[in-house]
Amino acid sequence: MTAKPPVFTTLGCRLNAYETEAMKDLAQKAGIEGAVVVNTCAVTSEAVRKARQEIRKLRRENPDAKLIVTGCAAQTEPETFANMDEVDVVIGNSEKMQPETWAAMGPDFIGQTERVQVDDIMSVTETAGHLIDGFGTRSRAYVQVQNGCDHRCTFCIIPYGRGNSRSVPAGVVVEQIKRLVDKGFNEVVLTGVDLTSWGADLPAEPKLGDLVMRILKLVPDLRRLRISSIDSIEVDENLMQAIATEPRLMPHLHLSLQHGDDLILKRMKRRHLRDDSIRFAEEAIKLRPDMTFGADIIAGFPTETDAHFENSLKLVEECQLTWLHVFPYSPRPGTPAARMPAVDGRLIKARAAALRSAGQRRVDLHLQQQLGRRHSVLMENPLMGRTEQFAEVHFTAPQTEGAIVETVVSGRDGNHLLT
């Protein structure tokens with residue numbers, strides 16, 4: 001009888017997806033067969049609800065399998081999942097990256113496996129040492145350089161799921177990227193929970209810009225480097241220098257802005273004001289005219305008035321935000337914001353829709369401006385790739401997956417460009 005490999009389901013962010021790939025490797029080495037593993041997200045109450053729904057569905061589909069729940073929601077609410085009849089084991093975010101955790105669930109282990117294995121994440125001082133070569137598509141690889149967060153925004157549960165900020169040393173990151181380039185990857189994306197805090201816990205306290213410059217210098221064959229979500233108030237001089245001088249650093253930054261009103265930003269316990277966001281966007285565009293921005297914005301944060309919301313809406317234009325991630329506010333138990341006066345749910349929904357419309361107008365404008373322009377497109381599959389600014393391009397003739405193709409944009413269809 002053929003061994004049945006474990007089934008993994010990932011909810012939430014890229015970092016979770018990265019860690020799922022690492023867990024697959026750990027589970028395989030431990031000889032685990034036929035298990036179902038759910039890697040959960042805790043960013044909103046809705047994310048936790050979806051995790052519970054997914055667990056019930058997977059149990060129906062796999063009635064005899066060992067069902068293991070891990071990830072941020074398992075870390076922050078272990079009892080929620082331990083109390084579900086469908087769940088056999090609950091594993092914390094630190095435990096899920098440790099080989100001994102998986103070995104204890106393997107066929108050769110003699111002894112009793114604890115049903116709930118969730119320790120204090122705040123006591124973890126190292127990043128997961130389990131680096132993987134090649135998660136992503138065959139064209140783009142993701143490299144985790146940081147985990148955790150030292151900030152305590154009033155709406156956010158993630159530090160309690162991920163722990164304090166920990167950085168992967170630059171030398172380790174460079175060596176991994178060299179291996180990825182040797183395997184044929186043309187683009188690498190640096191990921192983390194709070195990427196711009198990279199280096200603060202390392203000797204000499206280097207900054208993210210130092211890491212970016214070092215990668216580009218020491219891995220000359222790397223064609224494209226991207227950085228994922230950043231906190232613009234923490235951007236250092238070297239990162240601005242890289243934006244200005246390094247064409248291999250892609251002109252697309254995702255900004256953790258969250259709101260456009262100063263009072264709400266203070267109530268969120270953010271470290272920037274609206275003028276800081278506008279100033280950063282203006283400077284980045286001045287240094288790199290083809291720069292585009294994505295951004296996270298929360299609609300309907302507690303106490304948000306129409307005037308407060310209007311400032312968020314205006315920020316879309318003032319910062320020239322193209323790719324918006326709009327989050328309708330939902331309270332996370334245990335966070336200070338959950339105790340603040342709530343905004344009516346229907347109003348939150350309407351404001352989120354207004355933000356998405358504003359974002360769509362910016363997407364339309366950006367795509368329209370690309371018509372007739374030449375782009376270097378990284379092919380994600382034979383008929384679709386992405387520009388340097390991350391716009392989707394569809395091809396009529398198949399191209400080599402993973403290749404960077406020079407093409408002129410001839411048209412657009414909805415939210416993607418055509419060649």
Side-chain angles (χ1 to χ4, degrees), residues 43-44 149-159 165 193-197 200 207-208 229-237 239-240 243 253-287 291-332 334-362:
V43 72
T44 61
C149 185
D150 290 341
H151 309 302
R152 297 293 181 263
C153 298
T154 58
F155 56 84
C156 188
I157 199 78
I158 296 306
S165 182
V193 173
D194 181 29
L195 204 54
T196 26
S197 71
K207 302 284 188 187
L208 181 63
S229 183
I230 60 168
D231 208 336
S232 57
I233 199 71
E234 287 188 319
V235 168
D236 61 283
E237 214 171 293
L239 189 51
M240 296 310 281
I243 288 168
L253 297 171
H254 190 84
L255 309 178
S256 177
L257 298 182
Q258 310 305 347
H259 212 275
D261 184 86
D262 286 348
L263 181 61
I264 297 295
L265 287 166
K266 283 178 181 173
R267 286 175 179 164
M268 287 179 162
K269 215 173 169 187
R270 301 293 292 167
R271 284 153 300 125
H272 69 273
L273 299 173
R274 67 175 285 111
D275 283 351
D276 297 320
S277 302
I278 296 164
R279 194 163 43 246
F280 172 79
E282 285 173 348
E283 191 180 346
I285 290 168
K286 194 164 85 180
L287 295 173
M291 179 64 75
T292 57
F293 302 112
D296 295 330
I297 299 190
I298 294 173
F301 185 81
T303 76
E304 182 188 76
T305 64
D306 287 344
H308 296 148
F309 173 68
E310 204 56 41
N311 281 331
S312 277
L313 214 46
K314 284 193 287 197
L315 200 69
V316 177
E317 290 301 324
E318 288 165 332
C319 288
Q320 300 185 45
L321 307 176
T322 303
W323 318 107
L324 285 193
H325 286 179
V326 176
F327 294 90
Y329 175 78
S330 71
R332 301 299 288 112
T335 58
R339 299 191 296 273
M340 296 179 189
V343 173
D344 180 84
R346 287 163 300 185
L347 206 49
I348 293 175
K349 206 172 174 184
R351 286 174 181 171
L355 275 170
R356 290 191 185 106
S357 294
Q360 185 59 51
R361 286 193 293 276
R362 291 287 321 166

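Residues: numbered from 1 along the sequence shown. Values reported hereafter were calculated over all heavy atoms of this structure, with side chains retained and with hydrogens, waters and symmetry mates removed.
The closest donor-acceptor contact from the side chain of Arg274 to the backbone of Gly260 lies under 3.5 Å. Not a single donor-acceptor pair under 3.5 Å links the side chain of Ser330 to the backbone N or O of Thr44. For Thr154 (side chain) and Arg267 (main-chain N/O), a donor-acceptor pair under 3.5 Å exists by modelled atom type. Put simply, the side chain of Asp150 gets close to the backbone of Ser165: a donor and an acceptor are under 3.5 Å apart.
Here the OG atom belonging to Ser277 is positioned 7.0 Å from the CG atom belonging to Leu265, to the nearest 0.5 angstrom. Here NE2 of His259 is found 12.0 Å from OH of Tyr329. Values are rounded to the nearest 0.5 Å. Atoms CD and CZ, on Glu317 and Arg362 in that order, are 5.0 Å from each other to the nearest 0.5 Å. The OG1 atom of Thr196 sits 9.5 Å away from atom NZ of Lys207, with the distance rounded to the nearest 0.5 Å. Rounded to the nearest 0.5 angstrom, Thr303 OG1 and Ile264 CD1 are separated by 3.5 Å. Rounding to the nearest 0.5 Å gives a distance of 10.0 Å between NE2 of His272 and CD1 of Ile278.
In this pair, Phe155 and Phe301 present their aromatic rings perpendicular. The plane angle is above 60°, beyond the 30 to 60° band.
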side-chain contact (heavy atoms from CB on, under 4.5 Å) between Leu321 and Leu257: does it pass, once the steps are laid out?
-> CA-CA 10 Å; Leu321 307 176; Leu257 298 182; 3.9 Å; yes

Give the C-alpha distance, both sets of side-chain angles, the deciding distance and a yes or no for side-chain contact (heavy atoms from CB on, under 4.5 Å) between Leu355 and Phe309.
-> CA-CA 9 Å; Leu355 275 170; Phe309 173 68; 3.7 Å; yes

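Asp261 pairs with exactly one of Asn311, Leu273, Thr305, Leu315 by the side-chain contact (heavy atoms from CB on, under 4.5 Å) rule, that one being Asn311.
Between Arg271 and Glu234 there is a salt bridge, since a side-chain N of the basic residue sits under 4.0 Å from a carboxylate O of the acidic one.
In terms of heavy atoms, Ile298 sits closest to Glu304 at O-OE2, 4.1 Å. When every heavy atom of Leu324 is checked against every heavy atom of Gly359, the shortest pair comes out as CD1-CA, 3.8 Å. Closest of all the heavy-atom pairs between His151 and Pro159 is O-CG, 3.4 Å. Residues His254 and Ala295 come closest through the heavy atom pair CE1-N, 3.3 Å. The minimum heavy-atom distance linking Ala358 with Leu313 is given by the pair CB-CD1, 4.1 Å. The two residues Val343 and Ile348 have their closest heavy-atom pair at O-CD1, 3.6 Å.
A side-chain N or O of Gln258 and one of Ser256 form a donor-acceptor pair less than 3.5 Å apart.
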